[in-house]
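In the text below, chain A, chain B and the rest are named by the order of the sequence lines, each starting its count at 1.
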Amino acid sequence: MNERVIFHIDVNSAYLSWTAVRMLQLGETTEDIRDIPSIIGGNSDERHGIVLAKSIPAKKYKIQTGEPVVDALKKCPELKIFKPNYKLYMESSNAMFNLLSEYSPKIQRYSVDEVFMDVSHYKENYIEKAGEIQDRIRKELGFNVNIGISTNKLLAKMASDFNPKNSIHTLFQDEIMDKMWPLPVEDLFMVGKVTKRKLDKLNINTIGELALFDFDILENIFKSHGKVIKNYANGIENSEVKKYNYIEVKGIGNSTTIAWDVISKEEALKIILSLTESVCSRLRVTNSLCKVVSVSLKDYGFNRYTHQRTISNYTDSTEIIYKELTNAFIEIWKGEPIKQIGVRVTKLCSNEFFQGSLFDDKRLDKQKALDKTIDNLREKYGKNSVIRSTFLHSGIKAINGGNEESDYPMMGSIL
DNA sequence: TCTGGGGTCCTAGGACCC
DNA sequence: TCTGGGGTCCTAGGACCC
């Protein structure tokens, strides 16, 4: 079998870079926010905003992705904060994807700012091509990317994480020992906080130590995950670069953290309804139906619990799904103050097989027509053009959530 | 440090069937 | 009646990713 050549392209501080480029393009500023301490922060007006992306100067103040905006400001009072703009990110991501598509038909969007591509057809000149891609993205789109190169997706991804930023790195099989094995074990893809803690106990500190560790012991402790990380540490991974539109979405969900204590059933149900509205409209936009609905709650101790219910028939009806979620909520809520509420639908299928006979029921037909009409109005006049009267003066957003990023499927845990 | 929001996959236990 | 073993489905929770 011929060896493959895989690229992993990763945008350097994507959200911040894209915001910087747009501001310069619009002439809003002559200052490049990549050169000053700056962050993209979520919902800084509410209490729960966190840092989504940071500039390199901000990094010098030890500001970290994921930490509360409030804390970041303490570390650097002159920090400039910008709101996230997911529409812009999708546009930027699309522009990069289109450019990259010129180089290979086997191209997989892994997340909003990461792409895998199989470029095995560039036999000898792949390094040159990587340089060309990097230059073109910088000149035509205005931002920097890292490119990792190897024979499989895992190694390409590990390589694109290497420093410095804005660079091209290879990580072929014969380079694993030198370039990957000395790294701390938590740098390995799929080694998170919990796995790291267990590896500590085994005195496994580097990727190399994991690679050489006894397999039976790992399998005993980590079950199937043991095999995954042992293989990854040895650079073994052979999944295909999947054309992204072939991957189906497994579930659709939205959740929200509430700025106040939710202690009444009525209030909680209103929030659930607002989340249901956005989940169901996403369901209908993708021509999908669902069979399982679940509600998840987080209390103030940050304990999360979920409850799911199976519906007798596949549906995309806001009314039916909301009714099931209401029941699910009543069944689990213990009456304690709630900090976060989430709604999710799974067991999806395409609606094309369900048109006609199954919807002979006149009442269902009517509901379907109503949902469709509302979707159309919202698309035409904005999502708040039609809102339920229950939300008037409630202080709760009529439609909560949505996901501009999910116009394409997201990543899975297996590359 | 006091923690957003979107996902996927895996596991274990219970229900139910043959 | 109180006993097998295998298979599948459902549900809750946990771990990981961006």
Side-chain angles (χ1 to χ4, degrees), chain A residues 8 10-11 13-15 40-44 46-53 62-75 83-84 86 89-90 93 109-115 153-154 157 160-161 186 188-198 221-229 232 247-259 275 278-279 282 291-311 328 331-332 339-348 400-415:
Chain A
H8 179 253
D10 190 326
V11 179
S13 6
Y15 289 1
I40 305 296
N43 294 336
S44 48
E46 287 160 41
R47 303 296 288 169
H48 55 265
I50 59 155
V51 177
L52 296 166
K62 299 219 160 46
I63 289 167
Q64 288 177 7
T65 306
E67 83 175 319
V69 173
V70 192
D71 292 1
L73 271 169
K74 280 180 205 153
K75 293 177 182 173
K83 289 211 147 95
Y86 294 101
Y89 306 153
M90 270 313 290
S93 179
R109 204 162 187 161
Y110 182 64
S111 74
V112 75
D113 63 344
E114 287 178 58
V115 169
K153 284 154 68 178
L154 172 86
K157 182 163 165 57
S160 71
D161 274 345
E186 64 267 29
L188 185 66
F189 183 72
M190 278 291 142
V191 175
K193 224 167 55 185
V194 178
T195 304
K196 151 91 173 126
R197 210 169 44 223
K198 292 183 190 165
I221 298 172
F222 298 100
K223 306 285 187 261
S224 65
H225 193 56
K227 186 173 183 174
V228 171
I229 57 176
Y232 285 4
I247 311 164
E248 81 243 42
V249 174
K250 303 284 166 54
I252 297 175
N254 283 124
S255 63
T256 187
T257 298
I258 306 132
L275 290 162
S278 65
V279 166
R282 289 169 63 198
K291 205 171 191 308
V292 173
V293 305
S294 67
V295 59
S296 83
L297 304 177
K298 234 182 226 177
D299 65 22
Y300 272 72
F302 253 73
N303 304 303
R304 181 174 158 275
Y305 45 97
T306 63
H307 188 47
Q308 70 184 49
R309 287 174 68 98
T310 301
I311 312 176
E331 281 170 9
I332 43 158
K339 187 176 164 42
Q340 191 193 74
I341 299 183
V343 156
R344 175 161 204 83
V345 297
T346 50
K347 275 237 171 158
L348 306 186
N400 218 326
N403 180 6
E404 281 92 332
E405 282 189 41
S406 77
D407 292 353
Y408 58 87
M410 296 285 286
M411 25 67 65
S413 71
I414 298 302
L415 289 172

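- Remark on DNA chain B: of its neighbouring residues A/R344 and A/D71, the 5'-side contact belongs to A/D71, judged by nearest-heavy-atom nucleotide.
- Atom OH in A/Y232 sits roughly 11 Å away from atom C1' in C/dC17 (whole-Å rounding).
- In terms of phosphate contacts, A/K157 brings a side-chain nitrogen or oxygen within less than 4.0 Å of OP1 or OP2 of C/dC18.
- At a threshold of 4.0 angstrom between heavy atoms, the contacts of A/K347 are confined to the sugar-phosphate backbone, with no base atom among them.
- Contact annotation for A/I252: backbone-only contact, meaning every heavy-atom pair under 4.0 Å involves sugar-phosphate atoms and none involves a base.
- By the 5.5 Å and 30° criteria, A/F302 is not stacked with the base of B/dC2.
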Check the interface with nucleotides 12-14 of chain B: list each N/O to N/O pair with the protein under 3.5 Å, or write none.
none

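- Side chain of A/E114 to backbone of A/S111: no donor-acceptor contact under 3.5 angstrom is found.
- One interatomic measurement links the two molecules: CD1 of A/I229 to C1' of C/dC16, which rounds to 12 Å at whole-angstrom precision.
- Side-chain atoms of A/N254 and A/R344 form no donor-acceptor pair, as typed in the model, at a separation below 3.5 Å.
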Q: Begin from the C-alpha positions of A/H225 and A/T195 and carry the test side-chain contact (heavy atoms from CB on, under 4.5 Å) through to its verdict.
A: CA-CA 9 Å; A/H225 193 56; A/T195 304; 3.7 Å; yes

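- For A/F189 and B/dC9, the CZ to C1' distance is 12 Å, given to the nearest whole Å.
- B/dT3 atom P lies 15 Å from atom CG of A/N303, rounded to whole Å.
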Q: May I have the step-by-step check of side-chain contact (heavy atoms from CB on, under 4.5 Å) for A/V191 and A/Y232, ending in yes or no?
A: CA-CA 10 Å; A/V191 175; A/Y232 285 4; over 6 Å; no

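- When each of A/T306 and A/K291 is assigned the nucleotide of DNA chain C with its nearest heavy atom, A/K291 is the one assigned upstream, toward the 5' end.
- Between A/T257 and B/dG5, a side-chain N or O to OP1/OP2 separation shorter than 4.0 Å is present.
- Heavy atoms of A/G251 sit under 4.0 angstrom from primed sugar atoms or phosphate atoms, though from no base atom.
- Within the nucleic acid shown, A/E114 comes within 4.0 Å of sugar-phosphate atoms alone, with no base atom in reach, counting heavy atoms only.
- Contact check, A/N254 against B/dG6: a side-chain N or O comes under 4.0 Å of OP1 or OP2.
- A sub-4.0 Å separation between OP1 or OP2 of B/dG6 and a side-chain N or O of A/S255 is present.
- Here the P atom of nucleotide B/dT1 and the CD1 atom of A/I50 are 17 Å apart, to the nearest Å.
- What separates OH of A/Y110 from P of B/dT8 is a distance of 12 Å, to the nearest Å.
- Residue A/R197 has no polar side-chain atom (N or O) positioned under 4.0 Å from OP1 or OP2 of C/dC16.
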Q) When you look at A/K298 and A/Y305, which way does the side-chain contact (heavy atoms from CB on, under 4.5 Å) test go after all the steps? A) CA-CA 7 Å; A/K298 234 182 226 177; A/Y305 45 97; over 6 Å; no

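- The closest donor-acceptor contact from the side chain of A/K75 to the backbone of A/I63 lies at 3.5 Å or more, if one exists at all.
- Under 4.0 angstrom from either OP1 or OP2 of B/dC9 there lies at least one side-chain N or O belonging to A/K250.
- OP1 or OP2 of B/dG5 has at least one side-chain nitrogen or oxygen of A/Q340 nearer than 4.0 Å.
- Here A/T310 lies in heavy-atom contact (under 4.0 Å) with sugar-phosphate atoms only.
- Remark: DNA chain C takes part in the stems B:5-18 with C:5-18, each of 3 or more antiparallel Watson-Crick or G-U pairs, criterion distances under 3.5 Å.
- In terms of modelled atom types and a separation under 3.5 Å, the side chain of A/R309 and the main chain of A/V295 share no donor-acceptor contact.
- Across all strands shown, A/Y305 has heavy atoms under 4.0 Å from sugar-phosphate atoms exclusively, and none from any base.
- Map A/S224 and A/T346 each onto its nearest nucleotide of DNA chain B; the residue landing nearer the 5' end is A/T346.
- Between the NE2 atom of A/H8 and the P atom of C/dC17 there is a distance of 13 Å, rounded to whole Å.
- Proximity of a side-chain donor or acceptor of A/T65 to a complementary backbone N or O of A/V51 within less than 3.5 Å is not detected.
- The two atoms that bring A/Y89 and A/P84 nearest to each other are OH-CA, 3.3 Å, heavy atoms only.
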Q: Would you check, one step at a time, whether the test side-chain contact (heavy atoms from CB on, under 4.5 Å) holds for A/L297 with A/I332?
A: CA-CA 9 Å; A/L297 304 177; A/I332 43 158; 3.9 Å; yes

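- Rounded to whole angstrom, the span from the CD atom of A/Q308 across to the P atom of C/dC10 amounts to 9 Å.
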